[in-house]
Q: 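The structure follows.
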Amino acid sequence: MLRTIRAWAAVALVSAAAAVALLPPPASADVIGTLTFAPPTGTDVLAPEARTSAGCPDTADGYIAFLTGPVFAEPFVIVDNQSVNFSTTGPFDVQFKMSFKDAADDRKVTITPGDYLITLHCIDTFLVDVKASFTGTVTFVSATEYGSGGANPSTSASATPSASTSTSASPSPSATVSTSATPDPTPTSTEDPDPTPTATETPSPTPTTTVAATLPITGPPSADRLLLVGLLLVAAGVVLVAAGRRPAGAPRS
């Protein structure tokens, strides 16, 4: 009995997986963003990684992705129903389960040049109910070489040398201008000796001070001093005369 239940469960799982693999992308899904691919250019044997431009709605809990294009008459499941790296708050990365060549070999077709559309659906993983979608384009320019968003991988490398030539000319004129400005400050240094002659005039007051200090010592006494000495002598004589007189009626000794 237990083996029978397990057998029926296995059949149910295989049937569910087959139904998911054949599930076409619903036309009613709202496209809310874009897909970018890493690497952006490559070959058919690579299994690139897709990155969403935003998170899925809160009503989803996983995703599934389909590949359509010139050789895929029916959508091919390039990313299985899963929730690895799933996010509702920001962009997330999704890894392809196989290369473009493997997908073409699975359908027994060969990659031809043209645009191949990858559509990632945000889904309810239990009901496989699509809530929103992201889309991106991979353009094959040959049977083995692709570029994402219509980019041509053969011409993408040719743009790199043009940037190198533009930068080589920019530093050369800047160096010549800096050297021509250096002689300008040299003439200004010639004005420094100008204030030195003014310092020679400072010794001029020194001889005047020496003459003024020696004049009172070498010259004769002034008239004012002679007059003062004469008055002192007269006063001394008057005092002596007054001291020699006796008052009237004084007895003699």
Side-chain angles (χ1 to χ4, degrees), residues 16-57 59-88 90-125 127-157 159:
V20 169
L22 297 175
L23 179 68
S28 60
D30 294 331
V31 177
I32 61 172
T34 58
L35 297 174
T36 55
F37 304 97
T41 61
T43 62
D44 60 337
V45 297
L46 294 176
E49 186 178 72
R51 182 174 179 82
T52 64
S53 60
C56 286
T59 53
D61 61 357
Y63 54 84
I64 189 171
F66 294 89
L67 169 65
T68 56
V71 298
F72 294 94
E74 297 294 333
F76 182 84
V77 179
I78 197 69
V79 178
D80 290 327
N81 181 347
Q82 60 183 286
S83 58
V84 178
N85 297 329
F86 176 79
S87 175
T88 59
F92 57 91
D93 298 323
V94 177
Q95 179 63 54
F96 283 18
K97 69 176 181 178
M98 62 179 66
S99 67
F100 295 103
K101 186 179 185 305
D102 292 336
D105 291 344
D106 186 80
R107 288 289 177 89
K108 296 178 174 55
V109 294
T110 302
I111 295 290
T112 60
D115 294 335
Y116 291 79
L117 178 68
I118 291 88
T119 303
L120 185 142
H121 297 298
C122 303
I123 60 172
D124 180 332
T125 55
L127 300 175
V128 195
D129 183 20
V130 177
K131 306 300 181 181
S133 302
F134 297 89
T135 60
T137 302
V138 171
T139 301
F140 274 86
V141 295
S142 67
T144 59
E145 199 175 15
Y146 79 87
S148 60
N152 189 339
S154 61
T155 59
S156 61

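Positions are given from 1 along the sequence.
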Q: Within this structure, what is the CG-CZ distance for the pair Asp30 and Phe134, rounded to the nearest 0.5 Å?
A: 11.5 Å
Q: Do Asn81 and Thr125 have side-chain N/O donor and acceptor atoms under 3.5 Å apart?
A: no
Q: Supply the atom-to-atom distance Thr43 OG1 to Ile111 CD1, rounded to the nearest 0.5 angstrom.
A: 11.0 Å
Q: Within the 3.5 Å criterion, strictly below it, is a donor on Asp44 or Thr144 matched to an acceptor on the partner's side chain?
A: no
Q: Look at the aromatic rings of Phe100 and Phe96 and report parallel, tilted or perpendicular, splitting at 30° and 60°.
A: perpendicular
Q: Check whether any side-chain N or O of Tyr63 sits under 3.5 Å from a backbone N or O of Ser133 as a donor-acceptor pair, and report yes or no.
A: no
Q: Give a yes or no on whether the backbone of Thr41 and the side-chain of Glu145 come within a donor-acceptor separation of less than 3.5 Å.
A: no
Q: Between Val138, Thr68, Thr137, which is the residue that forms a side-chain contact (heavy atoms from CB on, under 4.5 Å) with Asp115?
A: Thr137
Q: How long is the straight-line distance from CD1 of Ile64 back to CG of Asp80, given to the nearest 0.5 Å?
A: 7.0 Å
Q: Would you find a donor on one side and an acceptor on the other, under 3.5 Å apart, between the side chain of Arg107 and the backbone of Ala73?
A: no
Q: Kindly say whether the aromatic ring centers of Tyr116 and Tyr146 come within a distance under 6.0 Å.
A: no
Q: Looking at CZ of Phe86 and CD1 of Ile123, how far apart are the two atoms once the value is rounded to the nearest 0.5 Å?
A: 9.0 Å
Q: First locate atom OG1 of Thr110, then atom CG of Asp105, and finally report the distance between them rounded to the nearest 0.5 Å.
A: 7.5 Å
